2 protein chains.
Amino acid sequence: MRNLLAITKALSDESRVRALMALQDGELCLCQIIDLMGLAPSTISKHMTLLLQAGLVERRKEGRWHFYRLARNGVPAEAKGALKWVVHSLRDEAVVQSDSEKLSRIREKDLEALCACYRS
Amino acid sequence: MRNLLAITKALSDESRVRALMALQDGELCLCQIIDLMGLAPSTISKHMTLLLQAGLVERRKEGRWHFYRLARNGVPAEAKGALKWVVHSLRDEAVVQSDSEKLSRIREKDLEALCACYRS
DNA sequence: TCGTTGCTTCGTCTACTAACGAAGTATTGC
DNA sequence: GCAATACTTCGTTAGTAGACGAAGCAACGA
């Protein structure tokens, strides 16, 4: 029950759902997600931590960068089912498609340039 | 997105998830759910309304009684998938089994007797 | 039709949550 | 080492959500 509630609570915020869907096309650095969502770094960091704790997302550290991706290895059945359901339900959602297009442009940018958000 | 968030928000509270799982063995009158959960009638009513608006549950009025059951007819794919996921994830959950046992005893009681909760 | 009953809605209070900026932490480069 | 960088955590504030009792509403019974 606790796992399920962690998942449903993680999925009950639009920003987190959008962030989750953004990871469909591959892993993203936190600064890329910040650029996509247009929220403060601390806010996005907290959102991603919640998705992480719910088991929906995995984190990989490479130097100073933190990359997030959809959970794949050793994922409990609850989280796996939830991911499947969300991705299937939102496949044709307008916001998700719009984010996907924005992301293809964000991926072209330099990571260090995106990290300017921490200093402005 | 709005539908999905209505569903995840409805599922992000333990009382509502328990109420939903309680409907697995068949429809229940509101007073039976109140007896099971031990919360105020107004609280349970609000919870069930949220589940209703999320499309997870259906309501049937029979005289003064309101019966709730899991959504079956014309259910959008999102809600259907969510129901499947939750039921599957919580099939072996202790609280759910305990509630199921309590319910078999509650079903034996008289509905009018259970409605005493509105007058105490 | 008028009171009773079963439930819903309203008003209120408390507790949690999303947002931010500031301060803290871990890693790199010099 | 030590500054800079890429986050994370902390502290605060404003909005939301869950709990309750009181009041309102719809259906039945006499």
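Below, chain A is the first sequence line, B the second, and so on; all start at residue 1. Note that the structure is a prediction, hence the values are computed from the model and not measured. Below, each value reflects all heavy atoms present in this structure, side chains not excepted, and no hydrogens, waters or symmetry copies.
- Applying a 4.0 Å cut-off to non-hydrogen atoms, the residues of residues 53-65 of chain B that approach DNA chain C are B:Arg59, B:Arg64, B:Trp65, listed by residue number.
- A residue-by-residue look at A:Ser15 and B:Gln32 shows that B:Gln32 has its nearest nucleotide of DNA chain C further toward the 5' end.
- D:dT16 atom P lies 15 Å from atom CG of B:Leu50, rounded to whole Å.
- In this structure, the nucleotide among D:dG21, D:dT8, C:dG6 sitting nearest to the side chain of B:Ala40 is D:dG21.
- Closest to the side chain of B:Leu39, out of D:dA19, C:dC7, C:dG6, is D:dA19.
- Rounded to the nearest 0.5 Å, atoms OG (A:Ser12) and NZ (B:Lys9) are 6.5 Å apart.
- Closest to the A:Tyr118 side chain, of the nucleotides C:dA22, D:dA19, D:dC7, is D:dC7.
- For B:Leu30, whose side chain is taken as the heavy atoms from C-beta onward, the closest listed nucleotide among D:dA19, C:dT8, C:dA19 is C:dT8.
- Separation of atoms CD1 (B:Ile44) and CD1 (B:Ile34) is listed at 6.5 Å; rounding is to 0.5 Å.
- Rounded to whole Å, the distance from NE2 on B:His66 to C1' on C:dT5 is 11 Å.
- Ion pairing between a basic and an acidic side chain is recognised when a charged N comes within 4.0 Å of a carboxylate O; B:Glu62 and B:Arg60 show such pairing.
- Rounded to whole Å, atom C1' of C:dT17 lies 16 Å from atom CG of A:Leu11.
- For the pair A:Glu14 CD and C:dT17 C1', the interatomic distance rounds to 16 Å; values are reported in whole Å.
- Checked against D:dC7, C:dC20, C:dC7, the side chain of A:Cys29 finds its nearest nucleotide in D:dC7.
- Rounded to whole Å, atom C1' of D:dT16 lies 13 Å from atom CG of B:Asp13.
- Between the side chain of B:Thr49 and the backbone N or O of B:Ser45 there is at least one donor-acceptor pair closer than 3.5 Å.
- Tracing side-chain contacts under 4.5 Å through hydrophobic residues (I, L, V, M, F, W, Y), one never reaches B:Leu30 starting from B:Leu50; they form parts of separate clusters.
- In this structure, the side chain of B:Glu93 engages the main chain of A:Met1 through a donor-acceptor pair within 3.5 Å.
- The nearest heavy atom of DNA chain C to A:Ile44 and to B:Ile34 marks one nucleotide each, and the one closer to the 5' end goes with B:Ile34.
- Taking atom NZ of B:Lys9 as the reference point, atom P of D:dG18 lies 10 Å away to the nearest angstrom.
- Here B:Arg72 does not pair with B:Glu58 in a salt bridge; the nearest charged N to carboxylate O distance is not below 4.0 Å.
- Taking only side-chain nitrogens and oxygens, A:Thr43 comes nearer than 4.0 Å to OP1 or OP2 of C:dC20.
- Between A:Ser45 and D:dT8 there is a side-chain polar atom (N or O) within less than 4.0 angstrom of OP1 or OP2.
- The terminal axes of the helix from C:dT1-D:dA30 to C:dC30-D:dG1, fitted over 5 pairs per end, subtend an angle of 20° to the nearest 10°.
- Comparing C:dC7, C:dA18, D:dT8 against the side chain of A:Tyr68 picks out D:dT8 as the nearest.
- Residue B:His47 has its side chain nearest to D:dG18 when only C:dT8, D:dG18, C:dG6 are considered.
- Among residues two or more places apart in sequence or in another chain, the side chain to side chain contact (heavy atoms under 4.5 Å, CB included) test is passed with A:Arg64 by none.
- Whole-Å rounding puts the B:Leu111 CG to D:dC28 P distance at 15 Å.
- Distance CD (B:Glu112) to C1' (D:dA27): 13 Å, rounded to an integer number of Å.
- Rounded to the nearest 0.5 Å, atoms CG (A:Leu11) and CG (B:Leu4) are 7.0 Å apart.
- The side chain of A:Ser42 lies closest to D:dC10, out of C:dA18, D:dG18, D:dC10.
- Looking at A:Asp35 and A:Lys109, a side-chain N of the basic residue comes within less than 4.0 Å of a carboxylate O on the acidic one, giving a salt bridge.
- Side-chain contact between A:Met21 and A:Val87: present, with at least one pair of heavy atoms (C-beta onward) separated by less than 4.5 Å.
- The B:Arg16 side chain lies nearest to D:dG18 when the options are D:dG18, D:dA6, C:dA18.
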